[in-house]
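Take a look at the structure set out below.
These values consider heavy atoms only, across backbone and side chains, with no hydrogens, waters or symmetry-generated copies. We name chains A, B, ... by the order of the sequence lines, and we start the count at 1 in each one.
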There are 2 protein chains.
Amino acid sequence: MSSMQPLTTGASLTSQVTDMLRAAVTSGEMRPGEHYSAIGLAEKLGVSRTPVREALQLLEKEGIVRIEKNRGVRVIQMSLDEIVQIFQIRIILEPPAAARGAEAATDRDLEQIQVLHGRILDAAAAGDGPRTLQADKEFHLYLLGLAGNARLTELDRELRNLVLTRGLVTIPSARSGQDLADDRREIINALLRRDSKAVALAVREHVTRTAKLLVAGVSAHTPGLSAEEYLTKIDQLSKHCT
Amino acid sequence: MSSMQPLTTGASLTSQVTDMLRAAVTSGEMRPGEHYSAIGLAEKLGVSRTPVREALQLLEKEGIVRIEKNRGVRVIQMSLDEIVQIFQIRIILEPPAAARGAEAATDRDLEQIQVLHGRILDAAAAGDGPRTLQADKEFHLYLLGLAGNARLTELDRELRNLVLTRGLVTIPSARSGQDLADDRREIINALLRRDSKAVALAVREHVTRTAKLLVAGVSAHTPGLSAEEYLTKIDQLSKHCT
DNA sequence: TGGTGAGCGGTTGCATGCTACTCATGGGGA
DNA sequence: TCCCCATGAGTAGCATGCAACCGCTCACCA
C-alpha cells in the first residue's frame with residue numbers, strides 16, 4: 001500500500017480512494033478477515049477520513065468489505081456459498097452474452113480477440129499468475145462487450161472482481177491452467193467459425209470449470225470442508241437455462 | 001417528500017436517507033431529468049449534507065442518479081436502450097432461477113406464493129397501480145428467493161427498481177394487465193405441477209411481455225421514436241440461452 | 001451591435017470537531 | 001476465587017467550516 005499516493009488528476013478523491021482500496025483487496029494487500037480502520041487507511045493514503053469512509057461504503061455495496069459499526073471495517077472472507085452464488089450467476093449470464101457477441105462481432109473484433117488471447121498465452125508462458133488472470137478478464141470482458149449490453153458487461157466485471165479476492169492463489173495450478181487454456185482455444189475456434197451456439201457452450205464449459213477448480217481449491221485449503229456439496233450446487237441453476 | 005422524517009431507529013442515517021431517496025425516485029416524487037442539490041435535500045430531510053451526500057453516491061452506483069460535479073444531482077432519465085439492457089439481463093436470469101425455485105420449493109412455499117399472488121389480484125381489482133406493481137415484485141422476488149441464491153435475488157431487486165422509475169405510468173393499461181395476469185396464472189399452475197421447465201418458460205414469457213409493453217409504452221410517449229428497433233433487441237440475448 | 005471576460009450565486013468536495021457507541025480490561029466486592 | 005461493573009481507548013457517524021469549481025449573467029469594450 002506504500003505505492004498508494006492519490007494522484008492529482010481530475011478524478012475525485014473518493015473515486016481514486018475507492019479504486020485503490022479495491023485494488024489493495026484484489027491484489028491481496030488487504031487480507032480477508034483482517035480489521036482496518038478508516039482513520040488508519042486515511043493516514044496511510046494521506047487523505048482525510050471522509051473520502052475513505054465514502055469509498056468504504058461503496059465497496060461495502062459491492063460486497064468487498066463489511067463496515068462494522070463503531071468497530072472498523074473488515075475485508076469480507078467470501079464463503080464458499082457466496083462463491084458458488086456468484087458463479088451460478090456468471091454461468092447463466094455469460095454464455096448467451098458471448099453467443100450474441102459472436103454474432104455481432106466484426107472481423108476487426110475477431111482480430112482483437114486473438115490479440116487478447118495471445119496476451120493470455122504470453123502471461124501464462126511466463127508463469128505470471130496475476131497477469132494471466134488480468135489478461136483472462138480482459139479477454140472475456142471484451143467478448144461480452146460485443147453483445148452491446150454495457151450494464152451486463154459491468155455487472156460481470158464486478159462479479160469477477162469479487163472472486164478475485166479468493167482466486168489468486170488457488171487457480172493457477174499447472175494442470176488446470178492447461179484445461180482452461182484448452183477451453184479458451186475452443187471459444188476462439190467457435191468464434192472464428194461464427195458458431196454462436198458453440199461459443200455459448202464453450203463459454204459455459206469454461207466458466208463452469210473455473211468455478212469447480214476454485215471451489216475444489218478453496219475447500220482443499222480449508223480443513224473439514226467437503227467440496228462435494230458445493231460442486232453439485234454449481235450447475236443447479238444453469239441446467240434450467242431455457 | 002413531506003412525510004420524510006428520518007425515523008429514530010437503530011439504522012444509520014445514511015442508510016435511512018438512501019432508502020428514502022430511492023423511494024422518492026421510484027414513487028415519482030423526485031422526477032427524472034430534474035435537478036436537485038444535496039443541500040436542499042438535506043434541509044428537507046432535516047439532516048446534514050454528509051449522509052445525503054453518501055446516500056447519493058450509493059444511488060449513483062445503483063444507476064438511479066447522476067452526480068454532476070459542483071452542479072448538483074440529477075435523477076437519471078433512463079433511456080430506452082438502458083431499459084432494454086436491463087430486461088435482457090432479467091430475461092436471462094429469472095427463468096433458470098425460477099425453475100430452480102420450483103424444484104426447491106416446499107409445500108409451504110407454494111402456499112405463500114399463492115397468498116402473494118392473491119395480493120396482486122386484490123390490488124389489481126382495486127385498480128391500485130402502485131400497489132399492484134409492489135405486489136408483483138414481491139411475488140417474483142419470493143419465487144426467485146427459493147432458488148437459494150441471495151445475490152441473484154438482490155441483483156434482480158435492483159434491476160426491477162431501476163425500471164420502476166419509468167414503469168409507473170406505462171404498465172398498468174387495461175388489456176396488458178390482463179395478459180400479465182394470465183402469465184402469472186400460468187407460472188402458478190406450472191409451479192403447482194412442479195414442472196420446472198414450464199415455470200422457466202412462463203417466467204420468460206412474462207418478463208419478455210413486460211419488457212415489450214414497457215418499450216412500446218415509453219416509445220409511444222416519446223414522439224419521433226420507433227419502438228421497432230428496441231423490441232427486436234429484447235430477445236437478442238435470451239435466444240442464445242444454452 | 002456583437003463578443004468577451006469578470007463577478008456572482010450556488011454547488012460539491014474535502015477536512016475536521018464532536019458525540020455516542022463498542023469492546024476490552026482491570027479493580028473491587030461478594 | 002469468581003463475577004460484575006466502571007472506566008478508558010478506539011472507532012464510526014454526523015455536523016459543519018471552508019475552498020475550489022461550475023455555469024450564468026451582465027457590463028464593458030471593440
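As rounded to whole Å, 14 Å separates atom P of D/dA12 from atom OH of A/Tyr36. Here the P atom of nucleotide C/dT12 and the CD atom of B/Glu43 are 11 Å apart, to the nearest Å. Atom CD1 of B/Ile67 and atom P of C/dC14 are 11 Å apart (whole Å). D/dG13 atom C1' lies 15 Å from atom CD of A/Glu68, rounded to whole Å. With rounding to whole Å, A/Leu41 atom CG is found 15 Å from D/dG10 atom C1'. Look at CZ on A/Arg66: it is 15 Å from P on D/dA12, rounded to the nearest Å. Protein atom CG of A/Asn70 is 8 Å distant from nucleotide atom P of D/dA12, rounded to whole Å. Across the protein-nucleic acid pair, A/Leu13 atom CG and D/dA20 atom P stand 14 Å apart, rounded to whole Å.
Side chains of B/Ser79 and B/Glu82: a donor on one and an acceptor on the other come within 3.5 Å. Using modelled atom types and a 3.5 Å distance limit, the side chains of A/Ser15 and A/Ser12 yield a donor-acceptor pair. Between the side chains of A/Thr153 and A/Asp156, no donor N or O sits under 3.5 Å from an acceptor N or O.
Which of C/dC23, D/dC14, C/dT12 sits closest to the side chain of B/Ile39 comes down to C/dT12. The side chain of A/Arg71 lies closest to C/dC23, out of C/dC14, C/dC23, D/dC22. Here the nucleotide nearest the side chain of B/Arg49, chosen from D/dA15, C/dC14, D/dG13, is C/dC14. Considering only side-chain atoms of A/Thr14, the nucleotide from C/dC14, D/dG23, D/dC14 that sits closest is C/dC14. For A/Pro51, the side-chain atoms get nearest to C/dC14 when compared with the rest of D/dG13, C/dC14, D/dC14. Taking the side chain of B/Val47 as heavy atoms from C-beta on, and the options C/dT16, D/dA15, D/dC21, the nearest nucleotide is D/dA15.
Phosphate proximity of D/dC14 to B/Arg53: absent, as no side-chain N or O sits under 4.0 Å from OP1 or OP2.
Ring geometry, A/His117 versus A/Phe139: the interplanar angle falls from 30° to 60°, so the pair is classed tilted.
Comparing A/Leu56 and A/Thr50 along DNA chain D, the residue whose closest nucleotide (by nearest heavy atom) sits nearer the 5' end is A/Leu56.
Just one of A/Arg31, A/Glu62, A/Met30 meets the side-chain contact (heavy atoms from CB on, under 4.5 Å) condition when paired with A/Val25; it is A/Met30.
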